[in-house]
Peer 1: 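I'd like to ask you about the structure that follows.
In listed order, ligands and their atoms are each counted from 1.
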Amino acid sequence: MSDLVITGGTLILPTGRAVTDVAVTGGVITGIGAHVETADGTETIDARGLVVLPGVVDPHVHFNEPGRAEWEGWEAGTRGAAAGGVTTVLEMPLNAHPPTTTAAAFDAKQAVAARSALVDYGLWGGLVPDNVGELPALAARGVVGFKTFMCDSGIDDFRHVTGGVLAIGIKATAQLGSVIGVHAESPELLGGAAADQGPLSWCRARPIAAEVAAIRGLLVAMRGAGKHARAHVVHVSSPEGLTEINAARLRGIDISAETCPHYLAFSEEDFERIGPSLKCAPPIRDARTRDGLWTEVLAGRVDVIGSDHSPCPAEAKTRGADDIWQAWGGVSGIQSTLPVLLTDGVHARGMTLEQVAELTATAPAQRFGLHPRKGAIVAGADADFALLDLDRTWRFESAQLQARSGISPYLGRTFRGAVVRTIVRGRTVYVDGEVTGTAGWGRLLKPNGAHAN
Ligand SMILES: [Zn+2]
């Protein structure tokens with residue numbers, strides 16, 4: 001007998017949409033259809049008029065704990081996840097200290113995540129110049145992939161790799177059946193601080209050409225790693241970058257691409273107006289590039305959308321008010337992925353809800369080995385849902401922001417389309433503006449077939 005039934009919502013299923021019911025037993029989806037069984041004790045959620053999406057699987061967040069919990073931490077970060085309809089996060093190896101480049105660091109992060117997370121999570125490992133020998137142990141722990149940088153990461157304890165180590169790392173991760181996640185900007189093409197310290201000087205110093213050159217370099221490094229090499233380019237900021245990736249994909253290379261809501265929601269003009277809270281790398285691009293990215297997203301040439309939620313203390317942003325180069329680079333955006341896609345995608349550009357579900361849930365779960373447990377509304381999967389009111393118009397106010405710093409470039413933005421409830425394994429963790437989940441509910445996820453050596 002089911003213990004939760006969600007009735008009358010528009011479910012976004014792998015086969016398309018259906019106005020029907022979904023039943024949950026023990027945190028797992030046990031029935032989809034109009035005749036699900038209920039009993040006296042069954043919790044019923046009336047979802048008439050709402051859309052029921054699979055919960056967002058955000059493949060790219062930084063929670064900075066252990067070591068820099070004052071930057072955000074697992075509890076604050078996953079409260080934001082809950083408020084954004086995000087039911088699974090894949091958390092990056094850097095900005096926590098120690099970075100997740102050893103098995104011991106994995107264990108330290110897992111210890112804090114297990115007691116603090118409100119939503120489910122997987123952990124990325126890291127590839128840095130001196131830890132190739134650690135990769136098998138990290139794979140055995142169940143990392144969802146290995147993140148690496150082709151340029152300076154912005155943080156001293158996570159050094160970037162050069163061509164040789166990148167090639168060795170790709171080969172090693174391929175042998176482990178894992179995927180390498182790459183920050184692709186070519187250091188040779190990145191500029192330094194200019195006389196002008198305004199936001200646009202940051203954009204000019206990190207041109208699209210640097211992204212394109214790095215992706216080409218990555219493809220060269222993959223060539224020597226054999227046919228099992230798998231790469232995932234994080235936060236692609238330009239259609240030109242996607243063109244490189246898609247050309248490689250057509251040649252049979254196993255490479256995928258992520259873009260982020262901030263590249264879809266903002267342009268350089270916004271960055272000039274909003275300032276340091278929107279500083280990130282690669283930088284926000286011009287409006288033409290943003291529109292070109294939308295074309296790629298709508299055409300299916302982007303695999304996944306991740307928030308790259310990367311908060312910091314407020315002071316690390318405000319100190320860049322007059323000199324953008326002094327600000328920390330990272331956008332606090334975990335709550336805004338669905339609102340951006342609904343407002344700027346579904347309502348403004350004809351994006352379908354099926355595309356939203358694919359990009360934010362199904363595809364990331366598949367790419368990182370969490371499917372079919374995560375990422376789709378199907379019998380046998382975890383009961384993770386984001387319930388949406390498609391037509392609610394609202395303004396993102398400070399009181400709604402979960403980020404510890406109180407800073408986000410999305411504050412003050414008006415959205416059409418809101419997350420009204422988030423459910424993780426059958427439990428409501430957010431409803432009508434209130435985070436109702438509890439720390440410790442989230443569970444560690446490991447990719448299918450992660451092998452233990
Ligand atoms: Zn990141």
Peer 1: Any Lys/Arg nitrogen of R367 or D254 sitting under 4.0 Å from an Asp/Glu carboxylate oxygen of the other?
Peer 2: yes

Peer 1: With side chain to side chain contact (heavy atoms under 4.5 Å, CB included) as the test, pick out the partner of P129 among L166, T162, I168, V161.
Peer 2: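 The option that passes is V161.
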
Peer 1: With a sphere of 6.0 Å drawn around CG of D130, does it hold more than 12 non-hydrogen atoms of other residues, nucleotides or ligands?
Peer 2: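 Yes - once you tally the heavy atoms of other residues, nucleotides and ligands closer than 6.0 Å, there are more than 12.
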
Peer 1: Assess whether atom CZ of R392 is packed by more than 12 heavy atoms of other residues, nucleotides or ligands within 6.0 Å.
Peer 2: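 No.
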
Peer 1: Quick check for you: within a radius under 2.8 Å, how many protein N, O or S atoms neighbour the Zn ion (ligand 1)?
Peer 2: 3

Peer 1: Show every donor-acceptor pair shorter than 3.5 Å between a side-chain atom in residues 309-317 and any protein atom, with sequence neighbours excluded, or say none if there are none.
Peer 2:
unit_1, atom_1, unit_2, atom_2, d
H309, ND1, G333, N, 3.0
H309, ND1, I334, N, 3.1
H309, NE2, E72, OE2, 2.8
K317, NZ, P276, O, 2.8
K317, NZ, K279, O, 3.3
K317, NZ, W328, O, 2.8
K317, NZ, G330, O, 2.7

Peer 1: Can we say E244 and R216 salt-bridge, meaning some charged N sits less than 4.0 Å from an Asp/Glu carboxylate O?
Peer 2: yes

